[in-house]
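What you see is a predicted model; the values in this text were computed from it and never measured.
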Amino acid sequence: QLQLVESGGGLVQAGDSLRLSCAASGRTFSSYVMGWFRQAPGKERECVAVINWSGTSPYYTESVKGRFTISRDNAKNTVSLQMNSLKLADTAVYYCAAGFLTTTTERGFNSWGQGTQVTVSA
């Protein structure tokens, strides 16, 4: 299990950009599949993006394709989410997560950060 800490959330206007970062501590970070999830008030937690150990063929949920980019730096034990052209619907608490198999389900990730708030205003 990894220890994960998110940062970079904040209040922005629609159309602006934010970059979220997740710092991991623990052994063999490069062996983990990493993902970003989000949860808005009153809604279910949603998988936003997933990246495998090599960084190839990342997954994005349809609503963020072309706007968000997930990346990882195994040498620094970090994973990031670049969010461009933010919309009101992107407002949520964003969580980074780690697992051992490629999946988009919440139950497939066994390490979770505490979350960082992203608020998009009109």
Close side-chain approach of Ser17 to Gln82, heavy-atom, < 4.5 Å: yes
For Glu62, salt bridge (charged side-chain N to carboxylate O under 4.0 Å, His left out) partners two or more places apart: Lys65
Contacts of type salt bridge (charged side-chain N to carboxylate O under 4.0 Å, His left out), residue Arg67, not counting sequence neighbours: Asp90
Thr78 and Asp73: side chain donor to acceptor below 3.5 Å: no
Backbone of Leu2 reached by a side-chain donor or acceptor of Ser111 within 3.5 Å: yes
Minimum side-chain heavy-atom gap Val50-Val33 below 4.5 Å: yes
Ser71 vs Arg19, side chain to side chain contact (heavy atoms under 4.5 Å, CB included): CA-CA, chis, key distance, verdict: CA-CA 11 Å; Ser71 61; Arg19 185 176 181 87; 3.6 Å; yes
Qualifying residues under ring-ring contact (aromatic ring centres under 6.0 Å, His included), relative to Phe109, sequence neighbours excluded: Phe37
Check against side chain to side chain contact (heavy atoms under 4.5 Å, CB included), Thr69 and Tyr60: CA-CA 8 Å; Thr69 302; Tyr60 299 97; 3.7 Å; yes
Gap between atom CD of Gln39 and atom OH of Tyr94 - 0.5 Å precision: 12.0 Å
Distance in Å, Ser31 OG paired with Asn52 CG, rounded so as to fall on 0.5 Å steps: 12.0 Å
Ring-face cation contact, Trp36 with Arg45, 6.0 Å cut, 45° max: no
Gap separating the OG1 atom of Thr116 from the CZ atom of Arg38, nearest 0.5 angstrom: 14.0 Å
Inter-residue atom distance Met34.CE - Asn77.CG, 0.5 Å rounding: 9.0 Å
Nearest heavy atoms of Ser30 and Arg72, plus distance in Å: CA-NH2, 4.1 Å
Taking every non-hydrogen atom, the tightest pair across Leu20 and Gly9: CD2-N, 3.6 Å
Trp53 atom CH2, over 12 foreign heavy atoms within 6.0 Å: no
Nearest heavy atoms of Glu46 and Ser63, plus distance in Å: OE2-OG, 4.1 Å
Inter-residue atom distance Asn84.CG - Asp16.CG, 0.5 Å rounding: 10.0 Å
Separation between OG of Ser121 and CG of Leu88, rounded to the nearest 0.5 Å: 7.5 Å
Minimum heavy-atom distance between Ile51 and Val79, given as atom pair plus value: CG2-CG2, 4.3 Å
